[in-house]
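Predicted model only: the values in this text are computed from it and were never measured. In what follows, every chain begins at residue 1, and chains take the letters A, B, ... in the order their sequences are listed.
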4 protein chains.
Amino acid sequence: MADRREEIIQAGIEIFAAKGYYNTHIAEIVESVGIAKGTFYLYFNSKNDLFISLIRRFEDIFLELFEIDILVAETEDLKSFFSKLLKKIFSLYKEHKNLSIIILREAVAVNEKFREEFKEMDARRFKRINNLYQFLLDNDYLNQEIDYDYFVCVFVGIMESIVMRRLLLSEQEFNVEEAADKASLYLENAIKK
Amino acid sequence: MADRREEIIQAGIEIFAAKGYYNTHIAEIVESVGIAKGTFYLYFNSKNDLFISLIRRFEDIFLELFEIDILVAETEDLKSFFSKLLKKIFSLYKEHKNLSIIILREAVAVNEKFREEFKEMDARRFKRINNLYQFLLDNDYLNQEIDYDYFVCVFVGIMESIVMRRLLLSEQEFNVEEAADKASLYLENAIKK
Amino acid sequence: MADRREEIIQAGIEIFAAKGYYNTHIAEIVESVGIAKGTFYLYFNSKNDLFISLIRRFEDIFLELFEIDILVAETEDLKSFFSKLLKKIFSLYKEHKNLSIIILREAVAVNEKFREEFKEMDARRFKRINNLYQFLLDNDYLNQEIDYDYFVCVFVGIMESIVMRRLLLSEQEFNVEEAADKASLYLENAIKK
Amino acid sequence: MADRREEIIQAGIEIFAAKGYYNTHIAEIVESVGIAKGTFYLYFNSKNDLFISLIRRFEDIFLELFEIDILVAETEDLKSFFSKLLKKIFSLYKEHKNLSIIILREAVAVNEKFREEFKEMDARRFKRINNLYQFLLDNDYLNQEIDYDYFVCVFVGIMESIVMRRLLLSEQEFNVEEAADKASLYLENAIKK
DNA sequence: AATGAATGAGATTTCATTCAT
DNA sequence: GATGAATGAAATCTCATTCAT
């Protein structure tokens, strides 16, 4: 029986990703886990509450991504830096595909409450990307005309567009290596001096 | 009384954008228009039907965007080309902010049916961006390492990320000129020879 | 344009028979006639009113059936009497198949109001069959053990059962001659001295 | 609290019989049972579903009717055979008067789907009456001019006509003994050699 | 006479949540 | 902790009828 809460979260990830928030019913989740409806409410206050937990779960998992210290240490040039970073990012999205679907497709749409949650998470993410920006600045890799806010927008935009269209909406196997390679080429060109 | 159908569409755009598909109820739409519930169903078969109409409306409006012939004619260099194109794009998104919210935030999330509708539209959009790509190729602006699929991903990703974060999720006034300028700089650098 | 009222009645007969009272909508009737909804209400007070008119129409058409004087005049024996009578009856049902469907299938079911209308009609019909009964009695054809009420029940029951199962529910062509022949055999045997 | 499903079925039988399918609303059924609307849908998928269940219930109850083995064993002559059989039939209709109303009055009328359900049931019933026919044939009771299809039509027609007019549409107490006696007289005469 | 856009009461059905066991 | 029958507010959609033109 392990951890009931975790079982529910896993079922939630799978079903929310497959059907979307409003087309997922508590009945399905509890059936999938093999528990009674009442039991669900011992572990979560509401359907809403479970969904928020999934957003948090996403953040927990993707938190480590921008701990770039290790990357930095072993970086020789800008292209290989981006390539390594994107490989990590894409791999994580691929590994947690369902959770990614929930975040990229559902989280902003569902309702105002989740939107706020999402915006806060996005802000925290942006802060972390700041580390990356600082690193690039400090190492004199950055074209001085670049400004921070737009750099993050561009970086996240390219990354999410690839994840969305190559991984989530596509029926073909997502090739992490190739995607990282192609994208890093754009990024390097876009911002190098 | 003008055009009832159009009145309903306008109300739909506003309310779907504000509350999302599932939190928008026919009752609110008809109240907003000032008609009876039954009247709504004279013009649309269902809530679903109205939503689909909004997706189509978006496509109609944004169709012209990638008719780049005029742009092409008056283009001097790659940066000013992108800048002009993005100014047109961003202006249109800003002008149709609510419709944009519906497309970028709701359309993929609501349900499988809309997702299909959205994917088809996305495919048509990508085809049109092909014109842009061909133009760049023909004019020898493109780095030969660039491949088409990723170029479109990057282009759309940057564009949508800026629209999403600067226009839709931000509370501040969206500066079209600035956004087009910054983004075109990245794009030029990213793909020029 | 002939007679609007009659056009509506004809459309009503066809559509009520095909779809039943509650699955027939005024919209369909007026569309079939080629008039506007409002026009319908110039000729009938309500959907109900039209349906009542159809019940009356049935009665008008079937009224002549039990004017047996002519039959009586030319009758030689009981079997040929029944056979001739049933031939007339079955032919009329066949000719007015849709109206018959409405009476036999819908009229009792629809609602309390129609039920009353139907019961009254049934009573009038029974009275007319009385003529038949008197004729048989007067001619000393009837077994004395037979009583009137049950004779009518039996007569109408056999007749309607054949109409219902052979004409209305069956997909095969209804053979009036055969049906009249078979049924008259039973009837003759059942009541002859 | 006994059996919720059964309580709903009993309420359904009563109310459908009194008001007909389209004038019976879920609200009335649940109020009559004393449950909430949602509870109804725990036991039946729809109003339709409940109605189908009632048709099936009718068939279950009336299934035994044509198990004529016992009757056959104790039969001396044709008249007393019919009389006993009809007594059983009429008693059952009387006992389940409301269910009988639903079948004889509503089932064919409501809609195409029920009509199919009804036709299938009618076919099964006819098959069972075949046993009766065979018995009569085997015992050399039947006039050889009689053919099967019309015999069933006549038998069912007489029976249903009596049930309809004497039990369902009449306000007077239905006398089973008398009805069986009268009808069996007709039947015997109609088919005996 | 004829129209048809508009009405709105009311029907069926859904589903997150509760709570007595 | 676990259950699952029961809830009931609320949503979508229907359609006979009206009435200003």
* **For atom CD1 of C:Ile29 and atom P of F:dA16, their distance in whole Å** => 8 Å
* Structure fact -> Between A:Leu42 and C:Tyr21, whichever has its closest DNA chain F nucleotide further toward 5' is A:Leu42
* To do: Output yes when C:Arg56 and C:Glu59 qualify as a salt bridge under the 4.0 Å nitrogen-oxygen rule, no when they do not.
  => no
* Structure fact -> Whole-Å distance, D:Ile35 CD1 to F:dG8 C1', equals 12 Å
* Structure fact -> Side-chain contact check for D:Ile26: nearest option of E:dA5, E:dG8, E:dT12 is E:dT12
* **Ring centroid separation A:Phe114 to A:Tyr21 under 6.0 Å** => yes
* Structure fact -> Heavy atoms of D:Leu104 and D:Met164 approach each other most closely as O-CE, 3.9 Å
* Minimum heavy-atom separation for C:Ile102 to C:Ile13, with atom names? -> CD1-O, 3.4 Å
* **A:His25 side-chain N/O to E:dA16 phosphate OP1/OP2 under 4.0 Å** => yes
* Structure fact -> By nearest-heavy-atom nucleotide on DNA chain E, the more 5' of D:Thr24 and A:Tyr41 is D:Thr24
* Figure out the CD/C1' separation between B:Glu31 and F:dA11, and round it to whole Å. => 15 Å
* To do: Taking only the side-chain nitrogens and oxygens of D:Arg4, find out if one of them lies under 4.0 Å from OP1 or OP2 of F:dA6.
  => yes
* Asked: Taking for each residue the nucleotide of DNA chain E bearing the nearest heavy atom, is the 5' side occupied by C:Thr39 or by D:Ser46?
  -> C:Thr39
* **Closest heavy-atom pair and its distance - C:Ser53, C:Arg5** => OG-NH2, 3.8 Å
* Flag the pair A:Arg125 and A:Asp122 as a salt bridge only when some basic side-chain nitrogen lies within less than 4.0 angstrom of an acidic carboxylate oxygen. => yes
* To do: Dot-bracket notation for DNA chain F is requested: 5' to 3', Watson-Crick or G-U wobble pairs only, both distances under 3.5 Å, with ( ), [ ], | and . as defined.
  => .||||||||||||||||||||
* Compare side-chain N and O positions of A:Lys37 against OP1 and OP2 of F:dG4 and report whether any pair is under 4.0 Å apart. => no
* Whole-Å distance between E:dA16 P and A:Asp49 CG? -> 14 Å
* **Rounded distance in Å - CD (A:Glu7) to P (F:dA2)** => 10 Å
* **Integer-rounded Å distance: E:dT13 P and D:Leu50 CG** => 11 Å
* To do: Take atom NZ of D:Lys47 and atom P of E:dT14, then tell me their distance rounded to the nearest Å.
  => 15 Å
* Can you find a side chain N or O atom of B:Tyr43 that sits less than 4.0 Å from OP1 or OP2 on E:dA5? -> no
* Nearest-nucleotide comparison on DNA chain F, the residue closer to the 5′ end among A:Phe40 and D:Gly38 -> A:Phe40
* **Protein-nucleotide distance (C:Glu28, atom CD; F:dC15, atom P), rounded to Å** => 9 Å
* Structure fact -> A:Tyr22 and A:Lys47 have their tightest heavy-atom pair at CA-NZ, 4.1 Å
